[in-house]
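Here the structure is laid out as structure tokens; the discussion comes afterwards.
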Amino acid sequence: MSNTTTPPVKKEQISVPVADVKKVVENHKTAAAHHEAAASHHLEAAAHHEAGNHDKASTSTVKASGHHAMATEHLNEVAKHHTAKS
């Protein structure tokens, strides 16, 4: 029996219009910005809870949830791009 392995099958390179690339890059960057904002609001919420300011913690949590929702919208657009191109 031989010790050789089958080389991986190379996938054909997909030609993507420049406008589509710019759109998907912008969606990735916007999603990342929303994730960063959500993380910041979560950290604020934790600090407010530690300080006993539960109303402020609630407000920060709602803001974080909004940013998560916005990030998800942009990620859905990214997913549409990648699934349509594969």
Side-chain angles (χ1 to χ4, degrees):
M1 183 174 240
S2 167
N3 241 357
T4 61
T5 58
T6 306
V9 176
K10 290 188 177 182
K11 194 172 182 180
E12 217 175 283
Q13 195 67 15
I14 301 168
S15 176
V16 181
V18 173
D20 286 354
V21 172
K22 287 181 180 180
K23 184 177 178 181
V24 78
V25 167
E26 192 56 37
N27 278 316
H28 276 295
K29 289 180 178 182
T30 303
H34 282 296
H35 283 303
E36 289 172 343
S40 175
H41 288 300
H42 280 300
L43 292 171
E44 287 175 3
H48 288 312
H49 275 302
E50 289 174 333
N53 298 322
H54 304 296
D55 287 340
K56 287 183 178 181
S58 178
T59 299
S60 293
T61 302
V62 170
K63 288 178 182 178
S65 295
H67 282 288
H68 282 299
M70 295 297 293
T72 299
E73 287 183 23
H74 289 282
L75 290 174
N76 286 340
E77 290 301 315
V78 169
K80 287 178 193 175
H81 168 80
H82 286 294
T83 56
K85 304 298 179 200
S86 58

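Since the structure is predicted, the reported quantities are computational estimates derived from the model, not experimental observations.
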Could you go step by step and tell me if Asp20 and Val24 meet the side chain to side chain contact (heavy atoms under 4.5 Å, CB included) rule? CA-CA 6 Å; Asp20 286 354; Val24 78; over 6 Å; no
What heavy-atom pair brings Ala57 and His48 nearest, and what distance separates the two atoms?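 Result for this residue pair: N-CB, 3.6 Å.
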Heavy atoms only: give me the nearest Ala31-Ala71 pair and the separation to one decimal.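 The pair with the smallest heavy-atom distance is O-CB, 3.7 Å.
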Please state whether the rings of His41 and His67 are parallel, tilted or perpendicular, taking 30° and 60° as the class boundaries. parallel
Could you please spell out the steps behind the ring-ring contact (aromatic ring centres under 6.0 Å, His included) verdict for His54 and His49? CA-CA 5 Å; His54 304 296; His49 275 302; 5.1 Å; yes
Does Glu77 pair with Lys80 as a salt bridge, N-O distance under 4.0 Å? yes
For the side chain to side chain donor-acceptor pair (under 3.5 Å) test, which of Glu73, His81, His74 pairs with Asn27?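 The side chain to side chain donor-acceptor pair (under 3.5 Å) with Asn27 is passed solely by His74 among Glu73, His81, His74.
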Quick one: [atom1] on [X] to [atom2] on [Y], what's the gap to the nearest 0.5 Å?
X     : Y     : atom1 : atom2 : answer
Thr59 : Lys56 : OG1   : NZ    : 9.5 Å
Thr61 : Glu44 : OG1   : CD    : 10.0 Å
Glu26 : Lys23 : CD    : NZ    : 11.5 Å

Mind running side chain to side chain contact (heavy atoms under 4.5 Å, CB included) on His42 and His68 for me, showing each step along the way? CA-CA 11 Å; His42 280 300; His68 282 299; 2.9 Å; yes
